[in-house]
Amino acid sequence: MANARLTAIGMAVPRKKVPNAYFESIIDTTDEWIVSRTGIKTRYHVEEGEFTSDLCVRAVEDLVEKYPTSLEDVDMILVSTVTPDQPMPSMACRVQHRLHMSRAGALDIYAACAGFSYGIVVAKGLIAGGLHKKILVIGAETLSKVTDFSDRTSCVLFGDGAGAVLIEADPTGNIGACITGASGEGGSDLYISGYASTIDGHELKMNRCIVQNGRRVFKWAVTTVAAEIKNLLAKNNLTLGEIDWFVPHSANLRIIEAICNETGFSMDKVLESVVDFGNTSSASIPIALYNGIQSGKVKHGDRIMLFGFGGGLAYAGTIITW
Ligand code: UT7
């Protein structure tokens with residue numbers, strides 16, 4: 001069975017930075033409420049005509065710039081998103097075409113905020129099964145396109161962005177045992193009512209937006225993630241004390257704090273992306289990991305627990321050694 005190694009990472013966000021003050025100007029809210037209830041200070045939004053595939057391409061370009069590698073021998077592209085430019089072609093096919101990866105298969109994954117972690121699980125499995133050797137896993141979203149800007153309970157939360165990692169067959173594998181799961185009965189607590197599309201370059205505004213029962217999702221996330229972390233650690237024969245960094249999905253700083261309280265993990269060892277980028281769903285984990293690595297916090301040999309959770313309600317986790 002071939003081992004899989006996460007070898008490189010890149011990210012991208014749109015140029016437009018949106019501070020909390022923007023929401024003070026359009027809805028009944030305050031910077032103080034947003035920061036104290038969510039931790040979020042800023043997020044980035046795409047401009048008209050800028051799409052998820054654009055962010056995917058930029059994240060992969062950043063990956064190649066930071067960790068020079070050829071894209072020619074990439075043999076599979078997995079893109080996790082709930083905000084594709086359009087339902088067909090897939091984002092993975094668009095990225096395959098735009099970055100000239102003619103040898104690569106292409107597949108999108110729909111597991112919302114757990115999608116990037118699911119992508120790593122799938123990539124590891126494809127490599128272990130001997131089917132593929134060099135896989136790009138991308139988490140990318142343009143959530144601002146499916147945000148109801150009149151709903152103050154949700155519109156302040158979401159941001160746009162993308163993160164990409166390369167996973168390669170390598171005898172020195174660094175991706176540990178994984179867990180996946182879902183509480184499908186909670187699907188109606190968090191969903192998108194429609195989707196965006198384009199025809200001849202013109203964006204069609206369909207009746208689409210994220211609808212959520214924030215309190216229910218909050219409670220589910222804390223209970224489920226805290227319990228499943230124990231299973232993940234057990235599967236890897238590790239204790240919490242042996243984990244250097246925890247990268248949960250960055251939905252809300254208070255959710256992360258509650259998970260840490262519940263499990264006894266220190267917030268000092270958390271890598272998050274919610275404060276500066278908002279909740280970027282599929283992109284939140286790679287963006288947090290990228291910034292942890294770029295800032296020098298994450299050292300070679302560190303053990304990092306990734307745990308995605310969200311719409312579905314779905315979750316997936318694994319432990320990598322950087
Ligand atoms: O990626 C996964 C996707 N989603 C999530 O993970 C969301 C999980 N849930 C959450 O993050 C939180 O539940 C929210 C941030 C959505 C809400 O925070 P909360 O502390 O659970 O607030 P709440 O819904 O209990 O509302 C408390 C109060 C309410 O007012 P009343 O009824 O007490 O008078 C809301 O109307 O805060 C009010 N409120 C706001 N006030 C100012 C809700 N949104 C806002 C707002 N500004 N933007």
Side-chain angles (χ1 to χ4, degrees), residues 18-43 80-83 109-118 139-161 163 181-184 186-193 209-226 228 247-262 270 272-275 277-288 306-317:
V18 182
N20 290 342
Y22 168 71
F23 294 95
E24 292 179 326
S25 73
I26 61 163
I27 49 164
D28 179 16
T29 194
T30 59
D31 173 56
E32 194 276 329
W33 190 96
I34 301 170
V35 172
S36 65
R37 296 293 182 123
T38 72
I40 299 168
K41 291 182 179 160
T42 54
R43 73 289 286 144
S80 164
T81 186
V82 291
T83 45
I109 293 176
Y110 279 83
C113 311
F116 177 78
S117 309
Y118 262 97
E141 305 287 359
T142 48
L143 295 176
S144 63
K145 289 184 189 290
V146 291
T147 296
D148 176 355
F149 284 93
S150 66
D151 174 12
R152 72 173 182 165
T153 67
S154 68
C155 71
V156 299
L157 304 174
F158 303 115
D160 303 338
S183 311
S188 58
D189 288 337
L190 179 56
Y191 60 94
I192 296 180
S193 63
C209 61
I210 299 174
V211 183
Q212 71 170 3
N213 183 326
R215 282 188 202 183
R216 286 241 279 272
V217 178
F218 195 117
K219 234 181 238 173
W220 169 82
V222 176
T223 320
T224 307
V225 178
E228 292 301 333
V247 193
H249 164 51
S250 272
N252 179 330
L253 208 54
R254 282 172 48 230
I255 294 182
I256 301 176
E257 283 164 355
I259 294 168
C260 284
N261 275 341
E262 200 70 27
V270 165
E272 56 77 25
S273 57
V274 72
V275 172
F277 303 95
N279 177 348
T280 54
S281 189
S282 294
S284 89
I285 288 179
I287 289 177
L306 312 181
F307 207 103
F309 57 87
L313 301 167
Y315 59 86

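Note that ligands are numbered from 1 as they come in the structure, with each ligand's atoms numbered from 1 the same way.
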Peer 1: Between Val275 and Leu253, is there a side-chain heavy-atom distance shorter than 4.5 Å?
Peer 2: yes
Peer 1: Can you establish whether the number of heavy atoms outside Glu257 located under 6.0 Å from its atom CD is more than 12?
Peer 2: yes
Peer 1: Nearest heavy atom to atom 18 (O) of ligand 1: which of His249, Arg254, Glu32, Arg216 does it belong to?
Peer 2: Arg254
Peer 1: Going by the atom numbers of ligand 1, which of them fall below 4.0 Å from some non-hydrogen atom of Asn279?
Peer 2: 1 (O), 2 (C), 3 (C)
Peer 1: Just jot down the side chain to side chain contact (heavy atoms under 4.5 Å, CB included) partners of Ile26, sequence neighbours excluded, or say none.
Peer 2: Tyr22, Phe23, Phe149
Peer 1: Heavy-atom contact under 4.0 Å between Ser281 and ligand 1?
Peer 2: no
Peer 1: Which atoms of ligand 1 sit under 4.0 Å from any heavy atom of Cys113?
Peer 2: 1 (O), 2 (C)
Peer 1: Show which atoms of ligand 1 fall inside a sub-4.0 Å distance from at least one heavy-atom site of Thr38.
Peer 2: 15 (C)
Peer 1: Counting non-hydrogen protein atoms only, what is the nearest one to atom 35 (C) of ligand 1? Give residue, atom name and distance.
Peer 2: Arg152 NH2, 3.9 Å
Peer 1: Does the protein place any heavy atom closer than 4.0 Å to atom 47 (N) of ligand 1?
Peer 2: yes
Peer 1: Hey, what do you get for CZ (Phe158) to OG (Ser144), rounding to the nearest 0.5 Å?
Peer 2: 11.5 Å
Peer 1: Side-chain contact, heavy-atom cut-off 4.5 Å: Phe218 with Arg254?
Peer 2: yes
Peer 1: Heavy atom to atom 11 (O) of ligand 1, shortest distance: which of Val222, Leu253, Val274, Asn252 holds it?
Peer 2: Asn252
Peer 1: Would you mind finding which of Trp33, Phe23, Phe309 brings a heavy atom closest to atom 43 (C) of ligand 1?
Peer 2: Trp33
Peer 1: Within the structure provided, determine whether Pro248 and Val225 are in side-chain contact (heavy-atom separation under 4.5 Å).
Peer 2: no
Peer 1: For atom 29 (C) of ligand 1, is the nearest protein heavy atom under 4.0 Å away?
Peer 2: no
Peer 1: Within the 4.0 Å heavy-atom shell around Arg215, which atoms of ligand 1 are there?
Peer 2: 13 (O), 21 (O), 23 (P), 24 (O), 25 (O), 26 (O)
Peer 1: So if I apply the side chain to side chain contact (heavy atoms under 4.5 Å, CB included) rule between Val156 and each of Val18, Ile40, Ile27, which one comes out positive?
Peer 2: Ile27
Peer 1: Just so I know, are the side chains of Leu143 and Asp160 near enough to count as touching, which here means a heavy-atom distance under 4.5 Å?
Peer 2: yes
Peer 1: Taking only heavy atoms of Gln212, which atoms of ligand 1 are found under 4.0 Å from at least one of them?
Peer 2: 3 (C), 4 (N), 5 (C), 7 (C), 16 (C)
Peer 1: Can you see whether Ser284 engages Ser250 through a side-chain donor-acceptor pair at a distance of less than 3.5 angstrom?
Peer 2: no
Peer 1: Could you tell me whether ligand 1 has any atom less than 4.0 Å away from a heavy atom of Ile255?
Peer 2: yes
Peer 1: Using a strict cut-off of 4.0 Å, indicate which atoms of ligand 1 neighbour a heavy atom of Arg37.
Peer 2: 19 (P), 20 (O), 22 (O), 27 (C)
Peer 1: Looking only at atom types and distance, does a side-chain atom of Ser36 sit under 3.5 Å from a main-chain N or O of Trp33, one as donor and one as acceptor?
Peer 2: yes
Peer 1: Will you find, in the side chains of Glu141 and Thr280, an N or O donor that is under 3.5 Å from an N or O acceptor?
Peer 2: no
Peer 1: Is there side-chain contact between Asn279 and Asn252, with at least one heavy-atom pair below 4.5 Å?
Peer 2: no
Peer 1: For ligand 1, find out whether one of its N or O atoms is nearer than 3.5 Å to an N or O atom of Gly214.
Peer 2: yes
Peer 1: Among all the protein's non-hydrogen atoms, which is closest to atom 6 (O) of ligand 1, and how far away is it?
Peer 2: Ala251 CB, 3.4 Å
Peer 1: Please state which part of Leu190 comes within less than 4.0 Å of ligand 1, counting heavy atoms only: side chain, backbone, both or neither.
Peer 2: side chain
Peer 1: Pull out every atom of ligand 1 sitting under 4.0 Å from any heavy atom of Val217, numbered as shown with elements.
Peer 2: 5 (C), 6 (O)
Peer 1: Does the protein put a heavy atom less than 4.0 Å from atom 32 (O) of ligand 1?
Peer 2: no
Peer 1: Test of understanding: given a 4.0 Å heavy-atom threshold, classify the contact between Thr153 and ligand 1 as side chain, backbone, both, or neither.
Peer 2: both
